[in-house]
Asks: 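Before I ask anything, here is the structure I am working with.
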Amino acid sequence: MRTPRSRHPALRPIGALATTLALLVAAACGVPQDPAPRVLDASALPEELAIPSTTTTSTEAPVPRQSVYLYFVDGEVLGEPVERELATPAGLVAALDALIEGPTEEEATAGLTSAIPAETVVLGSDLTNGVLQVNLAEGTLEQIEGALQSLAIAQLVFTATELPGVDWLWVLIEGEPRALPTDEGDVEAPVGRVHYASLGPPGSAWRP
């Protein structure tokens, strides 16, 4: 005698049914299935999941600067001083070297010139009791004469006496003192602004 078949099929385990449904949903959504975990390339990550990149910034401290004031020629006398920023410690020779380099293109366009030959070389300097001795190489300052030489010395004097502690300038050529033209005639000794008052900037106050 046959056992009548049950009209209700046997219920599958709930776990197996859930797994089947998950696979069907995944297939319907088109999500690929990897057989094993894999490492994704950073470029494949969505923007919100990407690790922000870090930027390297320089930790070098800025170089300290020092202002110096240089005197150039404006017409037949000295013009108002122009400011230069030099790396510190600038030193006395650095300021004079900046003067010898001459005016910038912008300053030259404004009418400033220099009577100091560009080939002038400062061999050394020494500051003692307010007197700055500047030793120049031979063959440069001597190539100019008369009013131009007076203007060149005036540029050196006014620029040097802007520097801290400098009241007088004594120009040496190859270590030897030379007579310099001044408002008071040739002087073979330290000179100051008082010796070039006629060449100072118009209306400016000068100090000896």
Side-chain angles (χ1 to χ4, degrees), residues 61-74 77-105 107-108 112-201 204-208:
V63 178
R65 312 294 289 181
Q66 173 186 343
S67 293
V68 296
Y69 294 90
L70 313 178
Y71 285 81
F72 295 110
V73 178
D74 186 2
V77 297
L78 302 185
E80 293 298 323
V82 298
E83 185 178 2
R84 285 278 196 284
E85 283 196 350
L86 306 178
T88 55
L92 302 174
V93 173
L96 296 180
D97 283 342
L99 175 69
I100 293 168
E101 288 178 6
T104 63
E105 183 177 344
E107 292 161 356
L112 296 180
T113 61
S114 179
I116 303 173
E119 302 82 13
T120 301
V121 176
V122 180
L123 299 176
S125 65
D126 176 72
L127 178 60
T128 304
N129 297 327
V131 178
L132 175 63
Q133 284 189 0
V134 175
N135 189 21
L136 303 179
E138 193 167 6
T140 51
L141 198 61
E142 305 96 300
Q143 58 183 269
I144 55 176
E145 299 177 350
L148 279 180
Q149 192 176 70
S150 293
L151 277 170
I153 300 299
Q155 284 184 253
L156 291 169
V157 168
F158 274 74
T159 298
T161 51
E162 284 281 359
L163 300 172
V166 179
D167 297 313
W168 304 90
L169 179 69
W170 197 352
V171 177
L172 308 178
I173 305 295
E174 299 288 347
E176 297 295 329
R178 299 288 177 89
L180 303 176
T182 73
D183 289 351
E184 303 172 3
D186 291 350
V187 174
E188 190 175 316
V191 292
R193 295 190 179 196
V194 65
H195 294 94
Y196 298 93
S198 66
L199 298 177
S204 66
W206 55 270
R207 60 181 174 84

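The basis for the numbers below is simple: all heavy atoms, side chains too, and nothing from hydrogens, waters or symmetry mates.
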Asks: Are Y196 and L180 close enough that some pair of their side-chain heavy atoms sits under 4.5 Å apart?
Replies: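 Counting from C-beta outward, Y196 and L180 do come under 4.5 Å.
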
Asks: Which atoms form the tightest heavy-atom contact between L163 and A95, and what is the distance?
Replies: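 In terms of heavy atoms, the two residues are closest at CD2-CB, 3.9 Å.
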
Asks: Would you mind reporting whether L199 and S150 have side-chain heavy atoms less than 4.5 Å apart?
Replies: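 Result yes, sub-4.5 Å side-chain heavy-atom pair found.
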
Asks: Find the distance between CZ (R193) and CG (D167) and round it off to the nearest 0.5 Å.
Replies: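 Interatomic distance, R193 CZ to D167 CG, rounded to 0.5 Å: 10.0 Å.
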
Asks: Please confirm whether the backbone N or O of E138 pairs with a side-chain atom of E174, one donor and one acceptor, at under 3.5 Å?
Replies: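 It does hold such a pair.
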
Asks: Within the 4.5 Å heavy-atom criterion, are V134 and L156 side-chain neighbours or not?
Replies: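 Side-chain contact under 4.5 Å: no.
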
Asks: Can you name the closest pair of heavy atoms from A160 and L169 and give their distance?
Replies: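 The pair with the smallest heavy-atom distance is CB-CD1, 4.1 Å.
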
Asks: Atom OG1 in T140, atom CD1 in I100: separation rounded to 0.5 Å?
Replies: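 Spacing of OG1 (T140) from CD1 (I100) equals 8.0 Å.
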
Asks: By the definition ring pair (Phe, Tyr, Trp, His ring centres under 6.0 Å), identify the one residue from F72, Y71, Y69 that meets it with F158.
Replies: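 Only one option passes, and that is Y71.
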
Asks: Without swapping roles, check the side chain of D186 against the backbone of A179 for a donor-acceptor pair under 3.5 Å.
Replies: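 Here the side-chain-to-backbone pair does not exist.
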
Asks: If only atom types and distance count, is the side chain of D97 paired as donor or acceptor with the main-chain N or O of V122 below 3.5 Å?
Replies: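 Absent.
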
Asks: For L141 and A152, work out which heavy atoms get closest and say how close.
Replies: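 Closest heavy-atom pair between L141 and A152: CD1-CB, 4.1 Å.
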
Asks: Hey, what do you get for CD1 (I144) to CD1 (I116), rounding to the nearest 0.5 Å?
Replies: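 With rounding to 0.5 Å, CD1 (I144) is 8.0 Å from CD1 (I116).
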
Asks: Under a 4.5 Å cut-off applied to non-hydrogen side-chain atoms, are T182 and I153 in contact?
Replies: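 No, their side chains stay 4.5 Å or more apart.
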
Asks: Work out which heavy atom in P190 is nearest to a heavy atom in H195; give both atom names and the distance.
Replies: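 For P190 versus H195, the nearest heavy atoms are O-CE1, 4.1 Å.
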
Asks: Could you give the distance from OG1 (T159) to CG (L92), rounded to the nearest 0.5 Å?
Replies: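 The distance works out to 12.0 Å.
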
Asks: Would you name the heavy atoms of L132 and S125 that are closest together and state the gap between them?
Replies: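 Looking at all heavy atoms of both residues, the shortest contact is CD1-CB, 3.9 Å.
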
Asks: Can you find a heavy atom in the side chain of V194 that is under 4.5 Å from one in the side chain of W168?
Replies: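 In contact.
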
Asks: Can you confirm whether L78 sits close enough to Q155 that some side-chain heavy atom of one is under 4.5 Å from a side-chain heavy atom of the other?
Replies: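 In short, these two side chains touch, coming nearer than 4.5 Å.
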
Asks: To check you understand the geometry: which heavy-atom pair defines the closest contact between P164 and L127, and what is its length?
Replies: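 It is O-CD2, 4.1 Å.
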
Asks: Measuring only between side-chain heavy atoms, which start at C-beta, is V171 closer than 4.5 Å to L136?
Replies: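 Counting from C-beta outward, V171 and L136 do come under 4.5 Å.
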
Asks: Might you confirm whether atom CD of E145 has over 12 heavy atoms from other residues, nucleotides or ligands at distances under 6.0 Å?
Replies: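 Counting other residues, nucleotides and ligands, CD of E145 stays at 12 neighbours or fewer.
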
Asks: Does G124 offer a backbone N or O that forms a donor-acceptor pair with the side chain of N135 under 3.5 Å?
Replies: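 Such a contact is absent between N135 side chain and G124 backbone.
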
Asks: Any salt bridge linking E101 with R84? Criterion: basic side-chain nitrogen under 4.0 Å from a carboxylate oxygen.
Replies: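 No.
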
Asks: Could you check whether any side-chain N or O of E142 sits under 3.5 Å from a backbone N or O of G139, counting only pairs where one atom can act as donor and the other as acceptor?
Replies: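 A pair under 3.5 Å: yes.
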
